[in-house]
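Supplied in structure tokens, the structure appears directly below.
As the structure is a prediction and not an experimental result, all values here were calculated from the model.
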Amino acid sequence: MTTMNHLLDGAPSACEIDWDLICWDKVEKQVRRLQVRIAKAVREGRHGKAKALQWILSHSSSAKLIAVRRVTQNKGSKTAGVDNVIWTTPKKKMQAVEDIKQRGYQPLPLRRIYIPKKNGKLRPLSIPTMADRAQQALHLLTLEPISETLADKNAYGFRPKRPCANAIEQCFKVLCIKCSAQWVLEGNIKSCFDKIRPHCPWTISQRIKKSLKNG
């Protein structure tokens, strides 16, 4: 049986590796090491080096393995795209790792389905193919070190290793002092992302005022 070490060195084909025998701790450690180097390069302003490290990470077998594992272990792993392909067996997963390539890659159209909401309306949902999801997961590994380095330190939505408890803790620290704000405003803007143009603060502020006026 071919060992995992050989795969990471780039010797054999991924199809020759047993998915169930992969040492995931070692794979994650190699990806994490490159991500740390990318974040460090961004902090130092060495964007050329960060770009080169991103290329290395996106072409590494370790990153491709993690990308395939991510899309085959989440809730949507049993839902196929327009090609009706899902990766359910270890052999198919290893073949998927082998097939992830950037040169000549072309995404397929999204599969459109509609999910009923509580109010009776249908919410549209677009489902990419497994291959497209794997490509997205692969490039997320290269982009996340930069976004986490440059993002607001008090932003918690859709951030890795930032659970709700961290947001609650920060709220307590900000609101427990004497000079803190006396009121916290929570609002829900109807059809916000449907009717408000992105990156338009004036439009957003006007809709908030209108919502408050209407109660």
Could you tell me if D132 and Q136 have a donor-acceptor pair between their side chains, going purely by distance under 3.5 Å?
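Not at all, the side chains of Q136 and D132 share no donor-acceptor pair under 3.5 Å.
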What are the two closest non-hydrogen atoms of V42 and A50, and how far apart are they?
CG2-CB, 3.9 Å
Is there a side-chain contact between I146 and I38 (heavy atoms, below 4.5 Å)?
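I146 reaches I38 side chain to side chain.
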Are V36 and L143 connected into the same hydrophobic cluster when the rule is that any two of I, L, V, M, F, W, Y join if their side-chain heavy atoms are below 4.5 Å apart?
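No, L143 does not connect to V36 through the hydrophobic network.
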Counting only heavy atoms not in R70, do more than 12 fall under 6.0 Å of its CZ?
no
Between K64 (side chain) and I100 (backbone), is there a donor-acceptor pair under 3.5 Å?
yes
Report yes if some heavy atom in the side chain of M94 is under 4.5 Å from a heavy atom in the side chain of E98; otherwise report no.
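Of all side-chain heavy-atom pairs linking E98 with M94, none is under 4.5 Å.
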Using modelled atom types and a 3.5 Å cut-off, is there a donor and acceptor pairing between side-chain atoms of R43 and backbone atoms of T149?
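Such a contact is absent between R43 side chain and T149 backbone.
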We want to know whether Q30 and S60 form a side-chain donor-acceptor pair, criterion being a heavy-atom distance below 3.5 angstrom.
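There is no such pair (donor and acceptor under 3.5 Å, judged by atom type) between the side chains of Q30 and S60.
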What are the two closest heavy atoms between A67 and A134, and how far apart are they?
CB-O, 3.6 Å
Are R69 and E28 close enough for a salt bridge, meaning some N to O gap below 4.0 Å?
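Between E28 and R69 there is a salt bridge, with a charged N closer than 4.0 Å to a carboxylate O.
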Indicate, with yes or no, if I168 and I177 share a hydrophobic cluster defined by side-chain heavy-atom contacts under 4.5 Å among Ile, Leu, Val, Met, Phe, Trp and Tyr.
no
Least distance between heavy atoms, K93 atom then V68 atom
O-CG1, 3.8 Å
Below 4.5 Å, heavy atoms only, C-beta onward: do Q102 and H139 meet side chain to side chain?
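Yes, their side chains come closer than 4.5 Å.
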What about Y105 and L65, same hydrophobic cluster or not, with Ile/Leu/Val/Met/Phe/Trp/Tyr joined at side-chain heavy-atom distances under 4.5 Å?
no
Residue among L57, T142, L53 satisfying side-chain contact (heavy atoms from CB on, under 4.5 Å) with Q35:
L57
Heavy-atom donor-acceptor pair, Q170 side chain to A155 backbone, under 3.5 Å:
no
Under 3.5 Å donor-acceptor, R133 side chain and G76 backbone
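Side chain of R133 to backbone of G76: a pair is present.
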Ring centre gap for W19 and W24 strictly below 6.0 Å
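Ring centroids of W19 and W24 are less than 6.0 Å from each other.
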Can a donor-acceptor pair be found, under 3.5 Å and without considering hydrogens, that links the side chain of S58 to the backbone of Q54?
yes
CG (D18) and NZ (K91) are apart, to the nearest 0.5 Å, by 12.0 Å
Would you be so kind as to tabulate the donor-acceptor pairs closer than 3.5 Å made by side chains of residues 109-128, with sequence neighbours excluded?
residue	atom	partner	partner atom	Å
R111	NH1	A80	O	2.9
R112	NH1	S126	OG	2.6
N119	OD1	K121	N	3.0

For atom CZ of R37, is the number of surrounding heavy atoms from other residues, nucleotides or ligands below 6.0 Å larger than 12?
no
Are there over 12 heavy-atom neighbours, none belonging to K101, within less than 6.0 Å of that residue's NZ?
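Enclosed.
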Determine the minimum heavy-atom distance between A63 and V31, stating which atoms define it.
N-CG2, 3.7 Å
